K.L.:
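I'd like to ask you about the structure that follows.
Both ligands and their constituent atoms are indexed starting at 1 by order of listing. All values derive from a computational prediction rather than experimental measurement. Just so you know, residue 1 is the first one in the sequence shown, and it goes up from there.
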Amino acid sequence: MKKMLTKKRTSFRPSRAAKPAASKSAKADARLLDAQKFLLPTYKRPEILFTHGRGCYVYDSTGKKYLDFLGGIAVNALGHAHPRIIKTIRREAGRGIHLSNLFHNSFQGPLARKLAEWSGLDRVFFSNSGTEAIDGALKLARLCGHTPSENLNAAPRKHRFLALENSFHGRTFGALSVTSTEKYRLPFSPVIPGAEFVRFNDVADLESKFDDTVCAILLETIQGEGGIHPVSETFWNRARALATQHGALLIADEIQCGLGRTGRYFAYQKFSSKPDVVVIAKPLAAGIPLGAILASEAVASRISPGLHGTTFGGGPLACSTALAALQTIEDEKLLANIRARGEELRAGLTKLAAQFSFIREIRGEGLMIGVELSIEGGPLVTEALHRGLLINCTHDFTLRFLPPFIVTRVQVRDFLRLLEIVFASAPKSIPAQAVSAASR
Ligand SMILES: Cc1ncc(COP(=O)(O)O)c(C=O)c1O
């Protein structure tokens, strides 16, 4: 089967299909040795050194080519080395990389306007990363939790955060406190008090935990790291209604699913109501670090100079690049491409599901797709890497695909062909233990 498949003609040919001699020579690379010796061991990385990318492909130090269906975990929406992004970065690097937030720069205002137009919200604060934007949003929620009669310097009665089980909001203490996955949170406890987790899409549980002491409910409109789980319309509507009823904020974390990935500017735009706050980051500045908090006027009116700030956030280089990135999404009509390629991807995956019984479920929208397996995904990710395909596995059993928005029909076809080869390499018998764990 494997042999037959590899014989098929494909327009994308990984430079080395077999388990490579390539990685052997990368192993001896002094840069990898330095990384092993001097970096904090926070990541378990394969012994590959990526050197550059172009469009939907990346290349390693041995010249091997990979089809990138991970996109820097949803960052490289415009792929690699997009000409317009290169041009903007070159231009602005020569004009001024940094200018203090004590002053205006040419790009923050126009970028904030564009984000307001896309989101339907009113005001923007720029940060450097997703987690930092989440922390800022939590601060906003605590601020809004104060009634006019309460002392701003004391804890408000309305101070609790509700978040969802299986959530991931980031690694700084605020974001970690509302991240349910215990392996990320518990080793650093005690985290910030006042956070509680609601069972995913469980309206009754939400209702039982919501009262006047809640200052915000936080949700990823589509959970990313948790395995591509979309919040249901019923749950969203109830969260919106309860937040309004109790004077709490509905905060949508669209760091992974926002800015076009679903084929809409924001994933929540399939619902009939808006959140009070939206948090974005990842693809915003096409790979230059930039995050943002978008807020309604009512929320924004509670903040005043000195209550929040950042040295680097919203600098001219990042904001000009973000403006170019958003303009490119509009000009190249990428939302339509995302929807069309997303449908092809799902159709192809559905066919593979008929062929490989270990595929349990296909979830997601647009170019944010998760495939839940009844076998561990890690070995398949490794096999894909050997075959010249970049994908990722989250929560052990869900393969996650987050290709660039510019992905073409041919690249989707090549991806499905490579994935079929990878799936064909999977063990035929499924360990019972894996099946029960996968159905958590
Ligand atoms: C939904 C979500 N929220 C928050 C974060 C944290 O963002 P960052 O890594 O930029 O701090 C991530 C990162 O993966 C994410 O996917």
K.L.:
Just checking His80 against Tyr57, ring centres under 6.0 Å apart?
P.N.:
no
K.L.:
Taking the six-membered ring where the residue is Trp, are the ring centres of Tyr184 and Phe168 under 6.0 Å apart?
P.N.:
yes
K.L.:
Give a yes or no on whether a salt bridge exists between Glu254 and Arg261, defined as a side-chain N under 4.0 angstrom from a carboxylate O.
P.N.:
no
K.L.:
So, are Arg341 and Glu344 salt-bridged, with charged N and O less than 4.0 Å apart?
P.N.:
yes
K.L.:
Using heavy atoms and a cut-off under 4.0 Å, could you grab the residues that are in contact with ligand 1, chain by chain, numbers ascending?
P.N.:
Ser129, Gly130, Thr131, Phe168, His169, Gly170, Glu220, Asp253, Ile255, Gln256, Lys282
K.L.:
Less than 6.0 angstrom separating the ring centers of Phe423 and Phe356, yes or no?
P.N.:
yes
K.L.:
Holding to ring pair (Phe, Tyr, Trp, His ring centres under 6.0 Å), I want the full list of residues that pass it with Phe197, two or more places apart in sequence or in another chain.
P.N.:
none
